[in-house]
Amino acid sequence: MADKTLTDYERRRIDNIRRNGEMMASLMLHQKASSLLYSRRSPSPKPQSKKPKLSSSPVAIRRSLRTQGLPPSSSTPPSDDSPSSPSSSDQPPSTPPWKQGPLRISDALVGDSPLSDRDLMDVIKSGSVASEVDDLGFDPMVEMCLKPENVARVLPERILSVRFLPFGDQVVVTVGDKAGNVGFWDVGKGRDGVYVYKPHASPVSGISVHPFAATKIFTSSYDGFIRLMDVEEETFNMIYASDFEIFSISQVPNDHNSLYCGEGTGILKAWDERAGKVSGSWELHEDRINTIDFNPQNTNSIATSSTDRTACIWDVRSINKDSPESLKKVQHLRAVHSAFFSPSGSCLATTSIDDKVIILSGSDFDDLSMILHNNQTGRWLSSFRAIWGWDDSFLFIGNMRRAVDVISTSNKTTISLESEHMTSIPCRFSAHPCLKGTMACATAGGKVNIWTKISR
DNA sequence: CGCATCCTTAGGCGG
DNA sequence: CCGCCTCCAGGATGCG
């Protein structure tokens, strides 16, 4: 009633200020326990005003919480958050999980998940980490289908990130949504296999699973934090805090201790987890970095895509700090939402809302080919990103007609996979790292569809 | 040029 | 079942 007298902007601004205040207060509480030094930008005078440029913002001193070696038992949350209280009123509950630094997995579990997530923990701990996929040819058009039991609403909000755990023997997918929720779906258990946690306050921009240890799952968020969900330690700890939104995350293949993220207006940061500090920082783009991808064949080579309309390939060993120069630059006409290396590492596929998918191939990525594709997702859908299948021959990308488009890289044709069970537009995709033919696509309504290989 | 403002869009949910 | 709400993406336009 009363807020009818306020404009949307005013309402949102008041809300932002209140949230920021609560955030500050709760972090101060934890400071004494964790010695986290933390400086957040003050609320902007106008909520719509752009995020501060690097130069105008105070530098925050950051400290890894995980390196403090906090035992799970010593990081007990405030005692007043008895799980029995339904807290159905709109009174703010005391210190919600996503405001806490160190955090136990069980404390981040969201109400409508199963009573215990013990089953999920056991599944993740017992899953056997993958072997390589075979190199036999595969035709998604004739070998993939969507079964009705492989569709579920996993999260309440728009999904931004989706990733399979790298198990060869069971299918578990993890997704992150706009509200900061991280969901797991143990697909074989049907809808009973859905678990939801809320470790973040803002959209979950990326999920990265350790390639040889599926019990370590990193999540990045617009809230400026990277968290590590460690199933062995049963913690969901904050390992990196930025003053800026984190838009992308990627782990260095074969390196347990190195993590890259894209934050703020075009900054690429390298995080050394063992040392608990930033080991590199480069201003690579003029706008947000939407994806970071390592070349599987040469892990010194990374590709970034940016809203500044370019995608670039860099050699991480030799980026000039003052004037970074890319090895390769793809110029689009609009924001670029992804740039991914093919499984062999010899091609790069970029996707832009200029309605083009560009493929670089050949020695030194000198050959460029282009496929026209409708990427006008608008405001309510996550932007489309063409991902590679299990070899260099095709790409998956969403289609606004509620279909999965399969782009053949050899003849540049597009064919649509459709299913009566896919009732909304698939936006974000993940190809299973070791099960050929198993592919997840996630939607703006929080649904996940798992396409699988037709069994014969 | 830097800004403010407006427009587009799909899907869940409530009445 | 229709109409309302979402609301920080990103571009276009138009202003000073």
Side-chain angles (χ1 to χ4, degrees), chain A residues 3-4 6-20 23 40-41 43-53 55-56 112 151-161 175-181 183 196 200-205 220-224 242-248 262-266 285-291 305-310 332-338 351-356 373-385 398-404 421-428 441-449:
Chain A
D3 35 14
K4 283 288 176 199
L6 299 174
T7 67
D8 282 351
Y9 280 174
E10 286 164 334
R11 258 200 302 272
R12 205 180 308 158
R13 183 186 162 204
I14 289 165
D15 207 38
N16 276 344
I17 291 170
R18 180 181 54 77
R19 269 202 298 261
N20 281 334
M23 184 78 139
R40 193 81 182 161
R41 61 176 184 266
S44 319
K46 295 269 177 71
Q48 282 300 91
S49 71
K50 62 192 299 186
K51 44 192 172 295
K53 293 280 178 192
S55 53
S56 66
D112 50 0
V151 177
R153 190 164 189 211
V154 178
L155 292 176
E157 285 285 354
R158 191 183 105 217
I159 290 172
L160 286 84
S161 38
V175 286
D177 79 359
K178 197 194 68 170
N181 296 302
V196 181
H200 288 288
S202 304
V204 179
S205 52
S220 66
S221 169
Y222 288 22
D223 66 14
S242 168
D243 287 336
F244 303 100
E245 294 151 295
I246 299 175
F247 294 112
S248 41
E263 62 179 62
T265 313
H285 286 278
E286 290 168 19
D287 212 326
R288 51 198 270 177
I289 297 173
N290 294 309
T291 58
S305 65
S306 170
T307 298
D308 74 4
R309 308 185 176 192
T310 66
H332 276 271
L333 300 174
R334 299 275 192 274
V336 189
H337 280 286
S338 65
T351 307
S352 165
I353 60 168
D354 69 3
D355 286 346
K356 289 180 188 117
H373 189 270
N374 174 19
N375 298 330
Q376 301 305 303
T377 45
R379 177 182 199 173
W380 312 121
L381 303 191
S382 296
S383 54
F384 287 164
R385 298 173 169 178
N399 180 305
M400 291 299 280
R401 290 172 27 258
R402 296 181 184 158
V404 175
H421 304 116
M422 201 166 63
T423 55
S424 45
I425 296 166
C427 299
R428 294 288 163 96
C441 50
T443 75
K447 282 182 188 149
V448 178
N449 307 287

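We name chains A, B, ... by the order of the sequence lines, and we start the count at 1 in each one. Keep in mind that what you see is a predicted model, and the values were worked out from it rather than measured. Computed over heavy atoms, backbone and side chain alike; hydrogens, waters and symmetry mates excluded.
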Would you say A:Arg402 places a side-chain N or O within less than 4.0 Å of OP1 or OP2 belonging to B:dG11? yes
Length of the CG-C1' vector between A:Leu160 and B:dA10, whole Å: 15 Å
Below the 4.0 Å mark, does B:dA10 have OP1 or OP2 next to a side-chain nitrogen or oxygen of A:Thr377? no
Whole angstrom value for the distance that separates P of B:dG11 from CG of A:Asn449: 11 Å
Indicate yes or no for a side-chain donor-acceptor contact from A:Ser161 to the backbone of A:Val175 under 3.5 Å, with no hydrogens or angles considered. no
Please give, in whole Å, the distance from C:dG11 C1' to A:Gln376 CD? 10 Å
Taking all non-hydrogen atoms of both residues, which atom of A:Ser205 and which atom of A:Tyr222 are closest, and how far apart? CB-CE1, 3.7 Å
Just N and O in the side chain of A:Arg334: are any of them under 4.0 Å from OP1 or OP2 of C:dA12? yes
Whole-Å distance between B:dC1 P and A:Glu286 CD? 12 Å
Closest listed nucleotide, where the reference is the side chain of A:Ile425 and the choices are B:dT9, B:dG11, C:dA9: B:dG11
Closest to the side chain of A:His337, out of C:dG11, C:dG10, C:dC7, is C:dG10
Tell me which nucleotide among C:dG10, C:dC8, B:dG12 gets nearest to the side chain of A:Lys178. C:dC8
To the nearest Å, give me how far apart CG (A:Asp287) and P (C:dA9) are. 10 Å
Closest contact, heavy atoms only, A:Ser305 versus A:Thr291: OG-OG1, 2.5 Å
Between A:Asn290 and A:Trp380, whichever has its closest DNA chain C nucleotide further toward 5' is A:Trp380
From B:dG12, B:dT9, B:dG11, nucleotide with atom closest to A:Arg379 side chain: B:dT9
A:Arg158 side chain to A:Gly446 backbone, donor-acceptor under 3.5 Å: no
When you compare the side chains of A:Thr307 and A:Asn290, does any donor N or O come within less than 3.5 Å of an acceptor on the partner? yes
Over how many whole Å does the gap from A:Asp355 atom CG to C:dG11 atom C1' extend? 13 Å
What's the closest nucleotide to the side chain of A:Ile353 if the choices are B:dT9, C:dG11, B:dG11? C:dG11
Categorize A:Thr443 for me: base, sugar-phosphate, or nothing, with a 4.0 angstrom heavy-atom threshold over every strand shown. nothing
A:Asp177 atom CG is separated from C:dC7 atom P, nearest whole Å, by 11 Å
Within less than 4.0 Å of OP1 or OP2 of B:dG11, is there a side-chain N or O belonging to A:Lys447? no
Please determine, for the side chain of A:Ala335, which listed nucleotide (C:dG11, C:dC8, B:dG12) has the closest atom? C:dG11
Please list, chain by chain and in numerical order, all residues satisfying salt bridge (charged side-chain N to carboxylate O under 4.0 Å, His left out) with A:Lys178, sequence neighbours excluded. A:Glu157
Let me know the distance between CZ of A:Arg401 and P of B:dG11, rounded to the nearest Å. 13 Å
Distances for protein N/O vs nucleotides 13-15 of chain B N/O pairs under 3.5 angstrom?
{"from": "B:dC13", "atom 1": "OP1", "to": "A:Arg153", "atom 2": "NH1", "distance (Å)": "2.7"}

What nucleotide among B:dT8, B:dA10, C:dA12 has an atom nearest to a side-chain atom of A:Leu381? B:dA10
With sequence neighbours excluded, what pairs up with A:Arg402 under the side-chain contact (heavy atoms from CB on, under 4.5 Å) test? A:Ile425
For A:His373 and A:Asn375, test the side chains for any donor-to-acceptor distance below 3.5 angstrom and give the result as yes or no. yes
May I ask you to verify if any side-chain N or O of A:Arg288 is less than 4.0 angstrom from the OP1 or OP2 atom of C:dG10? yes
